Amino acid sequence: MTGSGLAAEKARRLDRIAEMRARGVDPYPYRFDRSHTLAEVRGQWGSLEPGTETEERVSVAGRVMLKREQGKLIFATVRDRGDEIQLFVSKAVVGDDSFADIGHLDLGDWVGVEGTVMTTRKGELSVKVERLQLLAKAVRPMPDKWRGLSDTDTRFRQRYADLIVNEDARRAFEVRHAVISSFRRTLAGKGFIEVETPVLHVEAGGAHARPFLTHHNALDMQLYLRIALELHLKRLIVGGMERVYEIGRVFRNEGISTRHNPEFTMMELYQAFGDYSEVMAVAEELIVQAARDAIGTTVVDIFDHEGNPHRVDLAKPWRRARMIDLVAEKTGVEVHPSQPVADLRALAEKHGVRWEPRWGSGKLIEEIFEAVAETSLIEPTFVTGHPVEISPLARADRHDPLLTERFELFVGTRELANGYSELNDPVEQRLRFEEEQAAKDAGDAERGTVDEDYLRALEYGMPPTGGLGIGMDRVAMLLAGVTSIKEVILFPTLRHEVL
RNA sequence: GCACCUCUAGCUCAACGGCAGAGCAGUGGACUCUUAAUCCAUUGGUUCAGGGUUCGAAUCCCUGGGGGUGCACCA
């Protein structure tokens, strides 16, 4: 046992394990029965006066995070999921042999402890150790106990290490979990049923995106990973389920950025007898309630595209504005899908948007909108009235046949949600699908196909329905106050690690 | 896919053309109330990989790899 590189360090700890086994001690025992979590200990005895010794016996377990040796005393900080507590180890109490064993514990080891609750002279709540049992030996050293782990590559690849040492990382995932459970609670309260629909699709529909392709061997069948939940959920509305939602992973074979991961989590819901205005209100309620549940406030700092924070109270009613009005506001030119393509191409060029010949007026308006208006949408804003051309599943606006009853929610210049009055006319839906197919055949890989089974479902009759999709990762980002989606995805997609 | 930045001990970082260093972790020692304990001593390196320039390369150049950021892509 020489040196102290990583290999030598691991060898030293493996030797310790071998030495324990030789003594008949199991370094990896099968279980340990706790009497209290550390948070429960703190909750029950957290207000003891300094210098108090109690007769209260507890069994607690956790990971050794810090160790301070002080002659015939050892202080160690252990942590479980919810809290940290100090172990007070006196040689006079545990005896020479146990004291030596405890002294040989490494940072990162898991331990189970029996002892009494006490506070030190300075008031630190502690467990005075009577018996300590190693629950699992750490063979690999922990990252720096004070500086933590900051290398992003290591943090994302070795998320376990990130979670051990970085409080901020743990917190972001607590927020994410709280957001998702808040959504489930809110939706249950509104009578929504949670369902699970296929991830493997024969047709990748419901959104404009490049899919991942896979193959089923026994059926010798090409399959796509889903890019949206929409078309299956609406089949359930046809089936009479009235209010359904799914929180699930979708997959899009596109670039990776601070806002995009190839697999991400969508919540989609469909509400029979409602229209887009109703699900818009649901979106607002879900997110505001999630803020209350996850971070205890509706006031958040929203970052603009330059990274500057803007303090916003989400509880204030959200702005609603039509896409064409936002374009008019920013360009000074009234736009509408009824206008000739040439006019809109000219407007696009004036604002630095390079257009493609296959784009119609509606697509041009969307592109101009993204170029001129999107970066100004810091506070929550529902952008409404998307052109029919770019909304093949949305119902036409009851007052304007070239626009749809659709909205997208933007917060901090990012799109968080999308919803509409669902198109339920099977004849019109077929025409829309055929336009999608024609665009795809003309070389636009993100466009859709004719989904015959979905059309068959619509032919059975789908009631008027409002639909909503929310990007859960982006809501988690907003409420956790982080600027990269990788901070709210436990294992973000990375290249193969070269070991 | 393109551009820029970055990669040094297990971790966090120095050294920026002249002998690869520090703190933490580790090891040995002192200490019965510490709090990132402290103090003394000490081990530890394929400087991401390969090539080049140079008397001399962690440092400059080229190629490749990982990561980050921006752009492109992206309902």
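The structure presented is a predicted model; accordingly, all values stated were derived computationally and were not measured. Scope of the values below: all heavy atoms of this structure, side chains included, with no hydrogens, waters or symmetry mates. Just so it is clear: chains get the letters A, B, ... in the order the sequence lines come, proteins before strands, and each one is counted from 1.
Comparing atom distances between the A:E415 side chain and each of B:rC73, B:rU12, B:rA75 picks out B:rA75 as nearest. Distances from the side chain of A:T152 to the nucleotides B:rU69, B:rG67, B:rU32 place B:rG67 closest. Of the candidates B:rC11, B:rA75, B:rG26, B:rG26 carries the atom nearest the A:L107 side chain, counting heavy atoms from C-beta on. When distances are taken from the side chain of A:Q70 to each of B:rU69, B:rU32, B:rA75, the shortest belongs to B:rU32. Of the candidate nucleotides B:rA72, B:rA36, B:rU32, B:rA36 has the atom nearest to the side chain of A:L66. The A:K72 side chain lies nearest to B:rU32 when the options are B:rU32, B:rU12, B:rU69. For A:F88, counting side-chain heavy atoms from C-beta on, the closest listed nucleotide (B:rC73, B:rC33, B:rC24) is B:rC33. Taking the side chain of A:L494 as heavy atoms from C-beta on, and the options B:rC74, B:rA36, B:rG67, the nearest nucleotide is B:rG67. Nearest to the side-chain atoms of A:L73 among the listed nucleotides B:rU12, B:rU32, B:rG23 stands B:rU32. Closest contact between the side chain of A:K145 and the listed nucleotides B:rC11, B:rA25, B:rU32 involves B:rA25.
B:rU27 and B:rG44: their C1' atoms are spaced 10 Å apart (whole Å). Comparing B:rG1 with B:rC19, their P atoms are spaced 40 Å from each other, to the whole Å. As rounded to the nearest Å, B:rA14 and B:rU6 have P atoms that lie 12 Å from one another. Spacing between B:rU46 and B:rU42 at atom C1', rounded to whole Å, works out to 24 Å. A distance of about 45 Å separates the C1' atoms of B:rU32 and B:rU47, rounded to the whole Å. Between the C1' atoms of B:rA30 and B:rG67, the separation comes to 44 Å (whole Å). Distance check on atom C1': B:rA3 versus B:rG18 gives 35 Å, rounded to whole Å. Comparing B:rU12 with B:rA25, their C1' atoms sit 11 Å apart, to the nearest whole Å.
A donor atom on one side chain and an acceptor atom on the other are found under 3.5 Å apart for A:D304 and A:H310.
Counting any heavy atom pair closer than 4.0 Å across all strands shown, A:G148 reaches sugar-phosphate atoms only and no base atom. Across all strands shown, A:P492 has no heavy atoms under 4.0 Å from either base or sugar-phosphate atoms. The residue A:A92 sits close to a base: some heavy atom pair falls under 4.0 Å. The residue A:T77 sits apart from the nucleic acid: no heavy atom pair falls under 4.0 Å. A:R140 comes within 4.0 angstrom of nothing in the nucleic acid, heavy atoms only.
Using the six-membered ring where Trp is involved, A:F382 and A:W318 have ring planes that are tilted, between 30° and 60° apart.
If you measure from atom NZ of A:K67 to atom C1' of B:rU27, you get 12 Å, rounded to the nearest angstrom. Distance A:E446 CD to B:rA72 C1': 13 Å, rounded to the nearest Å. Between the CZ atom of A:R13 and the P atom of B:rG10 there is a distance of 13 Å, given to the nearest Å. Following rounding to the nearest Å, A:R474 (CZ) and B:rA75 (P) show an atom-to-atom distance of 11 Å. Straight-line distance from the CD atom of A:E69 to the C1' atom of B:rA30: 12 Å, rounded to whole Å.
Taking the ring centroids of A:Y276 and A:Y270, they lie at or beyond the 6.0 Å cut-off.
Remark: A:R354 is in phosphate contact with B:rC73, judged by side-chain N or O atoms under 4.0 Å from OP1 or OP2. Between B:rC74 and A:S257, no contact under 4.0 Å exists linking OP1 or OP2 to a side-chain N or O. One finds a side-chain N or O of A:R157 lying less than 4.0 angstrom from the OP1 or OP2 phosphate oxygen of B:rG67. Listed pair A:R68 / B:rA37 meets the phosphate criterion, a side-chain N or O lying under 4.0 Å from OP1 or OP2. Dashed line: the shortest gap from a side-chain N or O of A:R495 to OP1 or OP2 of B:rG66 is under 4.0 Å. Not one side-chain nitrogen or oxygen of A:R259 sits closer than 4.0 Å to the OP1 or OP2 atom of B:rC74.
A:E434 and A:R432 are not joined by a salt bridge, as no carboxylate oxygen comes within less than 4.0 angstrom of a charged side-chain nitrogen. A salt bridge links A:R319 to A:E329: at least one charged side-chain nitrogen sits closer than 4.0 Å to a carboxylate oxygen. Ion pairing between a basic and an acidic side chain is recognised when a charged N comes within 4.0 Å of a carboxylate O; A:K128 and A:E114 show no such pairing. Under the 4.0 Å criterion applied to side-chain N and carboxylate O atoms, A:E254 and A:R252 are not assigned as salt-bridge partners.
Scanning atom types as modelled, no donor and acceptor separated by under 3.5 angstrom connect the side chain of A:D153 and the base of B:rG68.
Residue A:P143 is the one, among A:H104 and A:P143, whose nearest nucleotide of RNA chain B lies closer to the 5' end (criterion: closest heavy atom). Taking for each of A:R210 and A:K486 the nucleotide of RNA chain B with the nearest heavy atom, the 5'-most of the two is the partner of A:K486.
Pairing analysis of RNA chain B (Watson-Crick: purine N1 to pyrimidine N3 plus N6-O4 or O6-N4; G-U wobble: N1-O2 and O6-N3; both under 3.5 Å) yields stems of 3 or more pairs at B:1-7 with B:65-71, B:10-13 with B:21-24, B:26-30 with B:38-42, B:48-52 with B:60-64.
Side-chain contact between A:H201 and A:P211: absent, with no pair of heavy atoms (C-beta onward) separated by less than 4.5 Å.
At distances below 3.5 Å, at least one donor-acceptor pair connects side-chain atoms of A:Q429 with backbone N or O atoms of A:P392.
By the salt bridge (Lys or Arg N to Asp or Glu O under 4.0 Å) test, A:R147 is found to be paired with no residue, residues two or more places apart in sequence or in another chain being considered.
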